Amino acid sequence: MAQQVPADPSSVVDDIAEHNTREVASDLASKRLAIVNAILVGPKGAGGGDWVLVDTGVMGTTGVLLGTVEARFGPGARPAAIVMTHGHFDHVGGLEQLAAQWDVPVYAHPLEHPYLDGTRSYQPPDPSVGGGLMARIASLYPRGPVNVGRWLRALPEDGSIPLMPGWRWLHTPGHTEGHVSFWRETDRSLIAGDAFITTAQESAYAVAVQAPELHGPPMYFTPDWSAARQSVELLAALEPEAVLTGHGPPMRGPAMREALHRLAAEFDRVAVPERA
Ligand SMILES: [Zn+2]
Ligand SMILES: [Zn+2]
């Protein structure tokens with residue numbers, strides 16, 4: 001059974017803002033939606049434009065997400081863009097509705113586009129890897145491919161992110177081929193998607209209590225563990241001050257960095273399932 005790297009509880013970001021968002025900076029917050037996080041980037045009260053939504057939660061949580069968006073950015077708030085770390089079902093739950101409602105561009109790595117333009121669906125999660133959470137996961141799994149082709153755009157090859165100034169995207173494959181993370185050098189903030197996570201997504205207990213632990217990507221999807229290890233090594237080498245992941249609370253500081261380096265160094269033992 002794979003393990004985790006425990007982190008000091010003091011590294012968990014517990015600055016709670018409106019709608020139970022966890023705030024890493026005045027313009028950066030993580031909102032938990034059932035089993036997954038959406039990230040809100042941009043100044044509070046920004047209203048229309050000048051902010052970006054990273055990932056869109058799992059199916060059935062779009063109403064809650066819209067409430068959080070209005071609480072943070074103002075009534076009728078609408079982002080400049082939606083930016084995707086990857087196209088897994090637990091990150092695209094609100095995507096079709098929100099892209100249409102807001103009529104804004106959706107940016108993703110070109111390798112994720114087939115999963116976002118109606119061409120293909122990811123394989124359903126493998127219930128033999130994991131355990132307690134699988135019944136819930138299965139019931140949330142969508143019936144058909146997601147299609148936001150009308151709004152879909154490729155992230156520019158130069159690493160910039162349109163409408164997200166100060167941030168750069170990094171290709172961090174392994175969990176999916178086109179998985180990307182987002183990095184802001186000025187305050188060393190990292191949005192890591194599912195490249196690594198801060199809770200055990202395979203365990204319903206850990207998801208419920210959100211224990212401060214660093215884990216590799218969720219096991220029930222990740223097809224390329226070698227690439228996944230290299231991606232964690234790349235992200236650890238950035239020496240982030242704060243990390244916001246797709247699952248689990250944001251974390252910050254030296255204890256988080258130490259745990260992240262241990263995760264990278266011991267990745268094959270800690271993160272990779274035995275049968276992989
Ligand atoms: Zn994922
Ligand atoms: Zn995920």
Side-chain angles (χ1 to χ4, degrees), residues 24-30 37-43 46 49-56 79-88 91-92 95 99 102 104-117 148-149 151-198 216-217 222-247 250-252 256-257 260-261 263-264 267:
V24 168
S26 60
D27 65 349
L28 183 58
S30 174
N37 300 319
I39 312 295
L40 307 163
V41 184
D50 211 21
W51 66 277
V52 162
L53 177 66
V54 177
D55 293 350
T56 62
I82 299 170
V83 180
M84 301 302 299
T85 61
H86 63 305
H88 274 159
H91 299 248
V92 301
L95 187 57
W102 288 333
V104 294
V106 175
Y107 287 94
H109 192 284
L111 289 171
E112 296 297 291
H113 283 204
Y115 304 99
L116 297 169
D117 67 6
V148 290
W151 298 276
L152 195 58
R153 312 272 185 278
L155 286 164
E157 282 180 22
D158 66 4
S160 65
I161 309 167
L163 308 165
M164 209 166 141
W167 291 83
R168 300 183 63 74
W169 65 268
L170 303 163
H171 190 204
T172 46
H175 181 59
T176 69
E177 264 191 288
H179 187 286
V180 293
S181 303
F182 306 116
W183 171 245
R184 181 163 67 181
E185 180 76 33
T186 47
D187 64 352
R188 313 193 77 72
S189 291
L190 172 66
I191 299 171
D194 287 359
F196 65 90
I197 58 176
T198 60
T222 305
D224 185 342
W225 286 98
S226 171
R229 173 172 28 78
Q230 289 170 37
S231 292
V232 170
E233 288 167 353
L234 172 83
L235 296 177
L238 293 172
E239 306 289 354
E241 179 53 35
V243 295
L244 302 92
T245 54
H247 305 273
M251 294 174 72
R252 64 157 51 114
M256 172 277 291
R257 278 193 294 279
L260 181 55
H261 279 289
L263 179 67
F267 191 84

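Just so it is clear, the model here is predicted, and its values are computed rather than measured. Below, each value reflects all heavy atoms present in this structure, side chains not excepted, and no hydrogens, waters or symmetry copies. Sequence positions, counted from 1, serve as the residue numbers for this chain.
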Item to complete: Could you list all the salt bridge (charged side-chain N to carboxylate O under 4.0 Å, His left out) pairs where at least one residue sits in residues 170-192, not counting sequence neighbours?
Response: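 Found Asp27-Arg184, Arg184-Asp187, Glu185-Arg188.
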What's the shortest heavy-atom distance between [X] and [Y], and which atoms?
| X | Y | result |
| --- | --- | --- |
| Pro79 | Val52 | CB-CA, 4.2 Å |
| Leu263 | Gly216 | CD1-N, 3.8 Å |
| Ala154 | Tyr107 | O-CD2, 3.7 Å |
| Thr85 | Gly193 | CG2-CA, 3.8 Å |

Gap separating the [atom1] atom of [X] from the [atom2] atom of [Y], nearest 0.5 angstrom:
| X | Y | atom1 | atom2 | value |
| --- | --- | --- | --- | --- |
| Asp194 | Asp55 | CG | CG | 8.0 Å |
| Leu170 | Ile191 | CG | CD1 | 11.0 Å |
| Trp167 | Ser189 | CH2 | OG | 5.0 Å |
| His179 | His91 | NE2 | NE2 | 7.0 Å |
| Arg257 | Leu238 | CZ | CG | 11.5 Å |

Worksheet item: Only one of Val243, Thr245, Leu260 clears side-chain contact (heavy atoms from CB on, under 4.5 Å) with Met251; which?
Response: Val243
Worksheet item: What residue among Leu53, Leu152, Val148 forms side-chain contact (heavy atoms from CB on, under 4.5 Å) with Leu95?
Response: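 With Leu95 as partner, side-chain contact (heavy atoms from CB on, under 4.5 Å) holds for just one option, Val148.
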Worksheet, complete the sentence: Taken in chain and number order and not counting sequence neighbours, the residues that satisfy side chain to side chain donor-acceptor pair (under 3.5 Å) with His261 are Glu239
Response to the item:
Hits for side chain to side chain donor-acceptor pair (under 3.5 Å) against Ser181, two or more places apart or cross-chain, chain-then-number order -> Thr172
Sub-4.5 Å side-chain heavy-atom contact between [X] and [Y]:
| X | Y | value |
| --- | --- | --- |
| Ser231 | Phe196 | no |
| Met164 | Trp169 | no |
| Val41 | Val54 | yes |
| Leu28 | Pro250 | no |

Item to complete: Pick out which of His113, His175, His109 makes a ring-ring contact (aromatic ring centres under 6.0 Å, His included) with His86.
Response: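 For His86, the ring-ring contact (aromatic ring centres under 6.0 Å, His included) check succeeds only for His175.
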